[in-house]
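Worksheet: the structure to be examined is printed underneath.
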Amino acid sequence: MARRRQLYEGTAKVLFEGPEPGTVVQHFKDDASSDNKQKRGVITGKGVINNRISEYLMTRMTDVGIPTHFVRRLNMREQLVREVEIIPLDIVVRNVVAGSLARRFGLPDGQRLERSIVEFYHKNDELGNPMVLEEHITAFGWATHQEIDEVIALSLRINDFLYGLFIGHGIRLIDFKVEFGRLWDGEQQRIVLADEVSPDNCRLWDAETGDKLGKDRFREGMDRVAEAYQEVARRLGILPEGGFGDISGPTLVQ
Ligand code: UDP
């Protein structure tokens, strides 16, 4: 097999040049990190599950007119996406107090917010992803006021859609992180949802019991981490009968 050109390697994903110009292949790994990369580990099968869940959620969002970079899933661990110019921001949307919001303001975990909050963090691991204001974003030239307005509007639409989708499966969407990119469409530039939407970047609790599903279990050193990812896929109705087959070993072809 021809060697593929690697564009980027992060904790959870490797990006390769795609088969056609303007495309990228996202390869999902089992590696995980939290607390700004202080805590690291491997969650067996996570890459396969996140590839499926992100495919499912991006497709559902496309169905309701939310623009995304997703094209199609290629295999167990890979999906084809459109190449975009990533806006260097982590956008966090919150419905319920948890994580860094609870720590920063000394609030109890689980308190429902009167209205959803949209926060911006600068994507920079060395600096620990500092929180930034619209003032910083425009002054540093990362995005224009108009782009920020669009990012906020899209983030809130995504939140409304995902909240409803997850609650229909007995899951409460506490908060999540998304990234956006600029996509050239002929002469026109559009902002689209990029990266992934999976239990790696969503805080998901069981709606009845409050049990933590997904990344929270890893973050807090709890047991049954891999099972919690599978449980999210099962509830969304995308876990094939008998599981995903052999999801153990990494199969990174370069
Ligand atoms: N998040 C993420 N990547 C990051 C930081 C946060 O995906 O680098 C997600 C995280 O999974 C959670 C939300 O953003 O769903 C809010 O995270 P928070 O700021 O509360 O930080 P944490 O609790 O992870 O320390």
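Just so you know, ligand 1 is whichever comes first in the structure, and atom 1 is the first atom listed for that ligand.
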Would you check if there is a donor-acceptor pair between the side chains of E78 and N75 at a distance under 3.5 Å?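 Checked: N75/E78 side chains pair up, N/O donor to acceptor below 3.5 Å.
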Does any N/O atom on D35 come nearer than 3.5 Å to any N/O atom on ligand 1?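 Such a contact does not occur with ligand 1.
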Which of the numbered atoms in ligand 1 are under 4.0 angstrom from any heavy atom belonging to G99?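 Near G99, meaning under 4.0 Å from one of its heavy atoms, ligand 1 has 20 (O), 23 (O).
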Number the atoms of ligand 1 from 1 as they appear, then name those within less than 4.0 Å of a heavy atom of D175, with their elements.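 Answer for ligand 1: 12 (C), 13 (C), 15 (O), 16 (C).
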Indicate yes or no: does R72 engage E55 in a salt bridge with an N to O separation below 4.0 Å.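 Here R72 does not pair with E55 in a salt bridge, since their nearest N and O are not under 4.0 Å apart.
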Ion pair present between D223 and R217, side-chain N to carboxylate O less than 4.0 angstrom?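 Looking at R217 together with D223, the answer is yes, because their closest N to O distance falls below 4.0 Å.
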Among all protein heavy atoms, pick the one closest to [atom] and tell me residue, atom and distance.
atom: atom 18 (P) of ligand 1; value: S100 OG, 3.3 Å
atom: atom 5 (C) of ligand 1; value: D90 OD2, 4.9 Å
atom: atom 7 (O) of ligand 1; value: N201 CB, 3.1 Å
atom: atom 17 (O) of ligand 1; value: R203 NH1, 3.9 Å
atom: atom 11 (O) of ligand 1; value: R219 NH2, 2.8 Å
atom: atom 3 (N) of ligand 1; value: K177 CE, 3.6 Å
atom: atom 25 (O) of ligand 1; value: R103 NH2, 2.8 Å

Protein non-hydrogen atom below 4.0 angstrom of atom 13 (C) of ligand 1 present: yes
Atom 9 (C) of ligand 1 touched by protein heavy atom at under 4.0 Å: yes
Is any side-chain heavy atom of K13 less than 4.5 Å from a side-chain heavy atom of D195? yes
Rounded distance (nearest 0.5 Å) linking atom CZ of F16 with atom NE2 of H27: 6.5 Å
What residue among L156, D175, D160 forms side chain to side chain contact (heavy atoms under 4.5 Å, CB included) with S116? L156
Shortest non-hydrogen contact from Y229 to I53?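 Smallest interatomic distance, heavy atoms only, reads O-CD1, 4.3 Å.
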